[in-house]
Amino acid sequence: MKKVCIKNAISTIIFFLVLLLLGSSIICAQDDHNYYKTGYEYFVQENYQMAEEYYKKAIEINPDFENAHYWLGKVYRKIGNYGKAVKEWKEVLRINPQNQYAFWNFVNSFKSTSLVQSDNASDYLNQGIKMIGDPQEYLFKEDTPSVDVLLSSIPYFEKSENIEPNLTEANYWAGEVYRILGNKVTSQFLYLAIENYEKAINTEEVRNPISFIHPSTYWHSYTQLSQLYSFLRLKEKKEKLWLNFETIRALPYQKALEREGYYDFGYPPRIEVSFEEGDKIENWSYPEKDITFIVINGEVQGEKEKEEQIEEIIIEQTDIETETEEDLSEKKID
(Lines give C-alpha, C1' and ligand atoms only; values in the text may rest on other atoms or scores of the structure.)
Protein backbone atom coordinates (compact mmCIF):
# COMPACT_ATOMS: atom_id res chain seq x y z
CA MET A 1 0.00 0.00 0.00
CA LYS A 2 2.85 2.30 0.88
CA LYS A 3 4.48 1.66 -2.52
CA VAL A 4 1.23 2.48 -4.31
CA CYS A 5 0.92 5.77 -2.41
CA ILE A 6 4.50 6.73 -3.24
CA LYS A 7 3.96 5.92 -6.93
CA ASN A 8 0.77 7.98 -6.98
CA ALA A 9 2.55 10.88 -5.30
CA ILE A 10 5.40 10.78 -7.81
CA SER A 11 2.95 10.62 -10.72
CA THR A 12 1.05 13.59 -9.32
CA ILE A 13 4.27 15.63 -8.94
CA ILE A 14 5.36 14.81 -12.50
CA PHE A 15 1.89 15.74 -13.80
CA PHE A 16 2.00 19.14 -12.09
CA LEU A 17 5.57 19.77 -13.29
CA VAL A 18 4.50 19.07 -16.89
CA LEU A 19 1.54 21.39 -16.47
CA LEU A 20 3.81 24.03 -15.01
CA LEU A 21 6.26 23.82 -17.91
CA LEU A 22 3.51 23.87 -20.52
CA GLY A 23 1.83 26.74 -18.77
CA SER A 24 5.01 28.78 -18.56
CA SER A 25 5.74 28.27 -22.27
CA ILE A 26 2.18 29.28 -23.15
CA ILE A 27 2.47 32.35 -20.92
CA CYS A 28 5.81 33.26 -22.56
CA ALA A 29 4.30 32.85 -26.01
CA GLN A 30 1.40 35.03 -24.98
CA ASP A 31 3.69 37.55 -23.32
CA ASP A 32 5.99 38.15 -26.30
CA HIS A 33 2.99 38.72 -28.59
CA ASN A 34 1.26 40.88 -26.00
CA TYR A 35 4.37 42.98 -25.61
CA TYR A 36 4.65 43.23 -29.40
CA LYS A 37 1.00 44.34 -29.74
CA THR A 38 1.41 46.90 -26.99
CA GLY A 39 4.59 48.15 -28.65
CA TYR A 40 2.70 48.65 -31.90
CA GLU A 41 -0.06 50.57 -30.15
CA TYR A 42 2.54 52.95 -28.71
CA PHE A 43 4.20 53.23 -32.14
CA VAL A 44 0.92 54.32 -33.77
CA GLN A 45 0.52 56.89 -31.00
CA GLU A 46 4.09 58.11 -31.81
CA ASN A 47 5.16 57.28 -28.26
CA TYR A 48 8.45 55.82 -29.47
CA GLN A 49 10.05 55.54 -26.05
CA MET A 50 7.35 53.16 -24.80
CA ALA A 51 7.19 51.35 -28.14
CA GLU A 52 10.93 50.66 -27.88
CA GLU A 53 10.52 49.33 -24.36
CA TYR A 54 7.77 46.86 -25.27
CA TYR A 55 9.41 45.66 -28.50
CA LYS A 56 12.59 44.99 -26.53
CA LYS A 57 10.60 43.01 -23.94
CA ALA A 58 9.10 40.88 -26.72
CA ILE A 59 12.59 40.23 -28.15
CA GLU A 60 13.97 39.40 -24.71
CA ILE A 61 11.44 36.58 -24.44
CA ASN A 62 11.81 35.52 -28.10
CA PRO A 63 15.14 36.60 -29.69
CA ASP A 64 13.95 35.38 -33.12
CA PHE A 65 10.74 37.43 -33.13
CA GLU A 66 11.02 38.77 -36.69
CA ASN A 67 8.30 41.42 -36.56
CA ALA A 68 9.45 42.77 -33.21
CA HIS A 69 12.95 43.35 -34.60
CA TYR A 70 11.51 44.95 -37.74
CA TRP A 71 9.31 47.44 -35.87
CA LEU A 72 12.01 48.19 -33.33
CA GLY A 73 14.14 49.16 -36.33
CA LYS A 74 11.36 51.50 -37.46
CA VAL A 75 11.25 53.03 -33.97
CA TYR A 76 14.97 53.76 -34.15
CA ARG A 77 14.61 55.25 -37.61
CA LYS A 78 11.83 57.54 -36.39
CA ILE A 79 14.00 58.88 -33.58
CA GLY A 80 17.01 59.25 -35.90
CA ASN A 81 19.16 56.45 -34.52
CA TYR A 82 20.06 54.83 -37.84
CA GLY A 83 22.88 52.74 -36.37
CA LYS A 84 20.47 50.86 -34.11
CA ALA A 85 17.84 50.66 -36.86
CA VAL A 86 20.31 48.97 -39.20
CA LYS A 87 21.27 46.53 -36.47
CA GLU A 88 17.62 45.47 -36.05
CA TRP A 89 17.06 45.03 -39.79
CA LYS A 90 20.18 42.90 -39.97
CA GLU A 91 18.59 40.70 -37.32
CA VAL A 92 15.40 40.46 -39.37
CA LEU A 93 17.40 39.33 -42.41
CA ARG A 94 19.27 36.82 -40.27
CA ILE A 95 15.94 35.33 -39.18
CA ASN A 96 14.30 35.64 -42.61
CA PRO A 97 16.65 36.51 -45.51
CA GLN A 98 13.65 37.00 -47.83
CA ASN A 99 11.95 39.78 -45.82
CA GLN A 100 11.64 42.48 -48.51
CA TYR A 101 10.51 45.26 -46.18
CA ALA A 102 13.55 44.87 -43.93
CA PHE A 103 15.75 44.52 -47.01
CA TRP A 104 14.70 47.83 -48.57
CA ASN A 105 14.77 49.66 -45.25
CA PHE A 106 18.25 48.24 -44.71
CA VAL A 107 19.52 49.30 -48.15
CA ASN A 108 17.96 52.77 -47.98
CA SER A 109 19.60 53.49 -44.63
CA PHE A 110 22.88 54.17 -46.47
CA LYS A 111 22.33 57.20 -48.73
CA SER A 112 24.97 59.71 -47.70
CA THR A 113 27.58 61.06 -50.15
CA SER A 114 28.83 63.70 -47.73
CA LEU A 115 32.49 62.70 -48.14
CA VAL A 116 32.52 64.29 -51.61
CA GLN A 117 31.47 67.79 -52.65
CA SER A 118 31.86 67.82 -56.42
CA ASP A 119 30.12 67.86 -59.79
CA ASN A 120 32.61 65.38 -61.21
CA ALA A 121 31.38 61.79 -61.59
CA SER A 122 34.88 60.32 -61.26
CA ASP A 123 35.29 61.91 -57.80
CA TYR A 124 32.32 59.92 -56.49
CA LEU A 125 33.49 56.78 -58.31
CA ASN A 126 36.98 57.04 -56.81
CA GLN A 127 35.58 57.63 -53.32
CA GLY A 128 33.39 54.54 -53.58
CA ILE A 129 36.37 52.42 -54.68
CA LYS A 130 38.49 53.94 -51.91
CA MET A 131 35.88 52.95 -49.31
CA ILE A 132 35.84 49.29 -50.32
CA GLY A 133 39.64 49.19 -50.47
CA ASP A 134 41.89 47.16 -52.72
CA PRO A 135 39.66 45.05 -55.02
CA GLN A 136 42.31 42.32 -55.14
CA GLU A 137 41.78 41.70 -51.43
CA TYR A 138 38.16 40.63 -51.80
CA LEU A 139 38.16 39.36 -55.37
CA PHE A 140 40.89 36.83 -54.73
CA LYS A 141 41.46 36.63 -50.97
CA GLU A 142 37.82 37.01 -49.90
CA ASP A 143 38.94 39.56 -47.29
CA THR A 144 35.83 41.69 -47.68
CA PRO A 145 35.01 44.96 -45.90
CA SER A 146 32.17 45.04 -43.37
CA VAL A 147 28.56 45.04 -44.52
CA ASP A 148 28.11 48.65 -43.38
CA VAL A 149 31.18 49.82 -45.32
CA LEU A 150 30.03 48.00 -48.45
CA LEU A 151 26.56 49.54 -48.28
CA SER A 152 28.01 52.98 -47.51
CA SER A 153 29.94 52.88 -50.80
CA ILE A 154 26.86 52.23 -52.96
CA PRO A 155 25.50 55.84 -52.92
CA TYR A 156 28.83 57.06 -54.33
CA PHE A 157 28.60 54.69 -57.30
CA GLU A 158 24.96 55.68 -57.82
CA LYS A 159 25.81 59.40 -57.65
CA SER A 160 28.64 58.87 -60.13
CA GLU A 161 26.28 57.09 -62.53
CA ASN A 162 23.64 59.82 -62.14
CA ILE A 163 26.14 62.53 -63.09
CA GLU A 164 27.62 60.54 -65.98
CA PRO A 165 25.21 57.80 -67.14
CA ASN A 166 27.79 56.29 -69.53
CA LEU A 167 30.31 55.54 -66.78
CA THR A 168 30.58 51.75 -67.03
CA GLU A 169 32.85 51.45 -64.00
CA ALA A 170 30.20 52.88 -61.64
CA ASN A 171 27.72 50.15 -62.55
CA TYR A 172 30.37 47.46 -62.46
CA TRP A 173 31.59 48.35 -58.94
CA ALA A 174 28.04 48.65 -57.64
CA GLY A 175 27.46 45.16 -59.05
CA GLU A 176 30.57 43.88 -57.27
CA VAL A 177 29.43 45.29 -53.92
CA TYR A 178 25.93 43.86 -54.28
CA ARG A 179 27.37 40.47 -55.29
CA ILE A 180 29.45 40.29 -52.12
CA LEU A 181 26.49 41.45 -50.01
CA GLY A 182 24.47 38.67 -51.61
CA ASN A 183 26.91 36.18 -50.11
CA LYS A 184 27.18 37.96 -46.76
CA VAL A 185 23.58 39.00 -45.99
CA THR A 186 20.80 37.82 -48.31
CA SER A 187 20.47 36.55 -51.88
CA GLN A 188 18.15 39.50 -52.58
CA PHE A 189 21.31 41.53 -53.22
CA LEU A 190 22.27 39.21 -56.10
CA TYR A 191 19.41 40.56 -58.22
CA LEU A 192 20.72 44.11 -57.72
CA ALA A 193 24.15 42.83 -58.74
CA ILE A 194 22.69 41.37 -61.95
CA GLU A 195 20.92 44.67 -62.72
CA ASN A 196 24.17 46.64 -62.40
CA TYR A 197 26.30 44.18 -64.39
CA GLU A 198 23.71 44.30 -67.18
CA LYS A 199 23.84 48.12 -67.15
CA ALA A 200 27.64 48.02 -67.35
CA ILE A 201 27.52 45.69 -70.36
CA ASN A 202 24.77 47.60 -72.20
CA THR A 203 26.47 50.94 -71.60
CA GLU A 204 29.87 49.77 -72.80
CA GLU A 205 28.54 48.02 -75.89
CA VAL A 206 26.94 51.29 -77.01
CA ARG A 207 29.80 53.58 -75.96
CA ASN A 208 32.88 51.55 -76.80
CA PRO A 209 32.20 48.37 -78.80
CA ILE A 210 35.86 47.22 -78.93
CA SER A 211 36.62 47.46 -75.22
CA PHE A 212 36.43 43.68 -74.93
CA ILE A 213 39.82 43.14 -76.60
CA HIS A 214 41.52 43.64 -73.23
CA PRO A 215 40.53 42.86 -69.63
CA SER A 216 38.11 45.53 -68.44
CA THR A 217 35.13 46.13 -66.18
CA TYR A 218 33.04 45.30 -69.25
CA TRP A 219 34.61 41.83 -69.55
CA HIS A 220 34.41 41.22 -65.79
CA SER A 221 30.71 42.17 -65.87
CA TYR A 222 30.12 39.34 -68.34
CA THR A 223 32.01 36.78 -66.27
CA GLN A 224 30.42 37.77 -62.95
CA LEU A 225 26.95 37.88 -64.50
CA SER A 226 27.50 34.42 -65.97
CA GLN A 227 28.46 33.06 -62.55
CA LEU A 228 25.37 34.60 -60.94
CA TYR A 229 23.12 33.09 -63.61
CA SER A 230 24.72 29.70 -62.87
CA PHE A 231 24.25 30.12 -59.13
CA LEU A 232 20.58 31.08 -59.57
CA ARG A 233 20.12 28.25 -62.13
CA LEU A 234 19.13 30.66 -64.91
CA LYS A 235 20.54 28.42 -67.64
CA GLU A 236 18.74 30.05 -70.59
CA LYS A 237 19.86 33.53 -69.50
CA LYS A 238 23.45 32.35 -69.27
CA GLU A 239 23.36 30.82 -72.76
CA LYS A 240 21.77 33.96 -74.20
CA LEU A 241 24.38 36.12 -72.44
CA TRP A 242 27.31 34.36 -74.12
CA LEU A 243 25.61 34.24 -77.52
CA ASN A 244 25.15 37.99 -77.22
CA PHE A 245 28.81 38.39 -76.26
CA GLU A 246 29.99 36.43 -79.30
CA THR A 247 27.81 38.57 -81.58
CA ILE A 248 28.87 41.88 -80.05
CA ARG A 249 32.53 40.88 -79.90
CA ALA A 250 32.58 40.13 -83.66
CA LEU A 251 30.64 43.23 -84.74
CA PRO A 252 33.41 45.88 -85.03
CA TYR A 253 35.69 43.50 -86.94
CA GLN A 254 32.83 42.46 -89.19
CA LYS A 255 31.91 46.09 -89.99
CA ALA A 256 35.52 47.17 -90.58
CA LEU A 257 36.04 44.33 -93.07
CA GLU A 258 32.69 44.84 -94.80
CA ARG A 259 33.62 48.47 -95.49
CA GLU A 260 36.51 47.14 -97.57
CA GLY A 261 34.42 44.50 -99.34
CA TYR A 262 35.24 41.46 -97.17
CA TYR A 263 32.18 39.55 -95.96
CA ASP A 264 31.42 36.66 -93.61
CA PHE A 265 34.23 37.41 -91.18
CA GLY A 266 33.64 37.50 -87.44
CA TYR A 267 36.00 37.86 -84.48
CA PRO A 268 39.62 37.06 -85.51
CA PRO A 269 40.94 33.89 -83.83
CA ARG A 270 44.34 35.60 -83.65
CA ILE A 271 45.25 39.29 -83.28
CA GLU A 272 48.79 40.65 -83.31
CA VAL A 273 49.37 44.26 -82.28
CA SER A 274 52.45 46.47 -82.70
CA PHE A 275 53.21 50.19 -82.82
CA GLU A 276 55.33 52.06 -85.33
CA GLU A 277 55.87 55.84 -85.23
CA GLY A 278 52.62 56.37 -83.33
CA ASP A 279 50.53 54.09 -85.57
CA LYS A 280 48.77 51.05 -84.20
CA ILE A 281 49.37 48.15 -86.57
CA GLU A 282 47.30 44.98 -86.21
CA ASN A 283 47.21 41.66 -88.00
CA TRP A 284 43.81 39.96 -87.92
CA SER A 285 44.34 36.29 -88.76
CA TYR A 286 41.67 33.82 -89.90
CA PRO A 287 43.53 30.46 -90.17
CA GLU A 288 40.44 28.53 -91.27
CA LYS A 289 40.25 30.81 -94.36
CA ASP A 290 44.02 31.16 -94.68
CA ILE A 291 43.76 34.97 -94.65
CA THR A 292 45.43 37.69 -92.56
CA PHE A 293 44.43 41.34 -92.82
CA ILE A 294 46.70 44.30 -92.15
CA VAL A 295 44.91 46.98 -90.11
CA ILE A 296 46.41 50.41 -89.32
CA ASN A 297 44.69 52.60 -86.72
CA GLY A 298 41.49 50.61 -87.08
CA GLU A 299 41.34 50.86 -90.90
CA VAL A 300 41.69 47.65 -92.95
CA GLN A 301 44.51 48.06 -95.49
CA GLY A 302 44.01 44.73 -97.23
CA GLU A 303 45.20 41.13 -97.18
CA LYS A 304 48.71 40.24 -96.15
CA GLU A 305 50.76 38.72 -98.95
CA LYS A 306 51.21 34.97 -98.66
CA GLU A 307 54.98 35.28 -99.13
CA GLU A 308 55.16 37.70 -96.20
CA GLN A 309 53.19 35.32 -93.98
CA ILE A 310 55.44 32.40 -94.94
CA GLU A 311 58.53 34.52 -94.23
CA GLU A 312 57.21 35.38 -90.74
CA ILE A 313 56.52 31.71 -90.00
CA ILE A 314 60.07 30.78 -91.07
CA ILE A 315 61.53 33.53 -88.86
CA GLU A 316 59.44 32.29 -85.89
CA GLN A 317 60.58 28.70 -86.47
CA THR A 318 64.23 29.79 -86.84
CA ASP A 319 63.99 31.68 -83.55
CA ILE A 320 62.65 28.58 -81.85
CA GLU A 321 65.40 26.38 -83.35
CA THR A 322 68.10 28.91 -82.35
CA GLU A 323 66.81 29.02 -78.80
CA THR A 324 66.75 25.22 -78.69
CA GLU A 325 70.36 24.99 -79.90
CA GLU A 326 71.43 27.57 -77.31
CA ASP A 327 69.66 25.62 -74.60
CA LEU A 328 71.42 22.41 -75.67
CA SER A 329 74.82 24.16 -75.69
CA GLU A 330 74.22 25.46 -72.19
CA LYS A 331 73.30 21.98 -70.99
CA LYS A 332 76.52 20.56 -72.48
CA ILE A 333 78.58 23.25 -70.74
CA ASP A 334 76.82 22.47 -67.45
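As the structure is a computational prediction, the values presented were derived from the model and not from experiment. Computed over heavy atoms, backbone and side chain alike; hydrogens, waters and symmetry mates excluded.
Annotation: the span from Glu52 atom CD to Asn81 atom CG amounts to 8.5 Å, rounded to 0.5 Å. Interatomic distance, Asp64 CG to Asp32 CG, rounded to the nearest 0.5 Å: 11.0 Å. Atoms CG and NZ, on Leu115 and Lys130 in that order, are 8.5 Å from each other to the nearest 0.5 Å. Distance NZ/Lys84 to CD1/Ile79: 7.0 Å, rounded to 0.5 Å. Here the CD1-CD distance, from Ile129 to Glu176, works out to 10.5 Å after rounding to the nearest 0.5 Å. If you take CG on Asn62 and CG on Asp31, they are separated by 11.5 Å, rounding to the nearest 0.5 Å.
By the neighbour-count criterion of 12 heavy atoms within 6.0 Å, atom CG of Asn108 is densely surrounded, having more than that number from other residues, nucleotides or ligands. For NZ of Lys184, the number of neighbouring non-hydrogen atoms (other residues, nucleotides, ligands) closer than 6.0 Å is greater than 12. Within a 6.0 Å sphere centred on CD of Glu276, other residues, nucleotides and ligands contribute 12 heavy atoms or fewer.
Minimum interatomic distance between Val177 and Ser153 (heavy atoms only, all atoms of both residues): CG2-OG, 3.7 Å. The nearest pair of heavy atoms linking Gly128 to Phe157 is C-CZ, 3.4 Å. Scanning all heavy atoms of the two residues, the minimum distance from Arg259 to Gly298 falls at NH2-O, 4.4 Å. Taking every heavy atom of both residues into account, Ala51 and Val75 meet most closely at CB-CG2, 4.0 Å. Of all the heavy atoms in Glu288 and Pro269, the pair that sits closest is OE1-CG, 3.9 Å. Nearest heavy atoms, Ala256 versus Val300: O-CG2, 3.7 Å.
The only option from Phe43, Tyr55, Tyr42 that meets the ring-ring contact (aromatic ring centres under 6.0 Å, His included) definition with Trp71 turns out to be Phe43. Each of Thr223, Leu192, Leu228, Thr217 was compared with Tyr197 under the side-chain contact (heavy atoms from CB on, under 4.5 Å) criterion, and only Leu228 meets it. Residue Tyr222 forms a ring-ring contact (aromatic ring centres under 6.0 Å, His included) with just one option from Tyr229, Trp242, Tyr172, and that option is Trp242. Between Glu204 and the choices Asn166, Thr168, Asn171, the side-chain hydrogen bond (donor to acceptor under 3.5 Å, both in side chains) rule is met once, by Thr168.
One hydrophobic cluster holds both Ile154 and Val147 under the rule that ILVMFWY side chains link at heavy-atom gaps under 4.5 Å. Connection of Tyr263 to Val295 is not established within any shared hydrophobic cluster, with ILVMFWY side chains joined at heavy-atom distances below 4.5 Å, either directly or through further cluster members. One hydrophobic cluster, built from ILVMFWY side chains closer than 4.5 Å, cannot hold both Leu93 and Val149; they sit in different ones. Connection of Ile132 to Tyr124 is not established within any shared hydrophobic cluster, with ILVMFWY side chains joined at heavy-atom distances below 4.5 Å, either directly or through further cluster members. If you chain together hydrophobic residues whose side chains sit under 4.5 Å apart, Trp173 and Leu190 fall into the same group.
The shortest side-chain heavy-atom distance between Thr113 and Gln127 does not fall under the 4.5 Å cut-off. Side-chain contact between Ile291 and Phe265: present, with at least one pair of heavy atoms (C-beta onward) separated by less than 4.5 Å. Side-chain contact check for Ile281 versus Glu272: every heavy-atom pair is 4.5 Å or farther apart. In this structure the side chain of Phe275 reaches within 4.5 angstrom of the side chain of Val273, judged on heavy atoms. For the pair Trp284/Thr292, no side-chain contact is recorded, criterion being any heavy-atom separation below 4.5 Å from C-beta on. With a 4.5 Å cut-off on side-chain heavy atoms, Lys56 and Leu72 count as touching. No side-chain heavy atom of Val185 sits less than 4.5 Å from a side-chain heavy atom of Phe103. Tyr156 places none of its side-chain heavy atoms less than 4.5 Å from the side chain of Asp123.
Side chain of Tyr48 to main chain of Arg77: no donor-acceptor pair is present (N/O by atom type, distance under 3.5 Å, no hydrogens or angles). A donor-acceptor pair is defined here as one N or O able to donate and one able to accept, closer than 3.5 Å; no such pair exists between the side chain of Ser187 and the backbone of Asn183. Judged purely by atom type and a 3.5 angstrom limit, Thr247 uses its side chain to pair as donor or acceptor with the backbone of Leu243.
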Test log, rule side chain to side chain contact (heavy atoms under 4.5 Å, CB included), inputs Glu303 and Tyr262 | CA-CA 10 Å; Glu303 297 179 47; Tyr262 298 98; 3.4 Å; yes
Report the C-alpha separation of Lys37 and Tyr35 in whole Å, then their side-chain angles, then the decisive distance to 0.1 Å, and conclude whether the side chain to side chain contact (heavy atoms under 4.5 Å, CB included) test is met.
-> CA-CA 6 Å; Lys37 288 177 183 177; Tyr35 284 135; over 6 Å; no
Given ring-ring contact (aromatic ring centres under 6.0 Å, His included), test Phe65 with Tyr36 step by step and report yes or no.
-> CA-CA 9 Å; Phe65 198 155; Tyr36 167 73; 5.1 Å; yes
Starting from the C-alpha separation in whole Å, work towards a yes-or-no answer on side chain to side chain contact (heavy atoms under 4.5 Å, CB included) for Asn297 and Glu299.
-> CA-CA 6 Å; Asn297 297 328; Glu299 296 295 327; 5.7 Å; no
Take Ile294 and Glu282, measure what side chain to side chain contact (heavy atoms under 4.5 Å, CB included) needs, and give me the verdict at the end.
-> CA-CA 6 Å; Ile294 300 173; Glu282 297 173 85; over 6 Å; no
Run the numbers on Lys57 and Glu60 for salt bridge (charged side-chain N to carboxylate O under 4.0 Å, His left out), then give the verdict.
-> CA-CA 5 Å; Lys57 284 180 179 179; Glu60 189 177 338; over 6 Å; no
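Among residue pairs with one or both ends in residues 185-202, those qualifying as salt bridge (charged side-chain N to carboxylate O under 4.0 Å, His left out) are Glu195-Lys199; sequence neighbours excluded. Pairs engaging residues 151-174 under the salt bridge (charged side-chain N to carboxylate O under 4.0 Å, His left out) rule: Lys111-Glu158 [sequence neighbours left out].
A cation-pi arrangement is absent between Lys90 and Phe106 under the rule of less than 6.0 angstrom and at most 45 degrees off the ring axis.
Tyr70 and Asn105 form a side-chain donor-acceptor contact under 3.5 Å, judged by distance and modelled atom types alone. Side-chain contact, Ser285 with Asn283: no donor N or O sits under 3.5 Å from an acceptor N or O.
Residues Glu91 and Arg94 are paired through a salt bridge, judged by an N-O separation under 4.0 Å between the basic side chain and the carboxylate.
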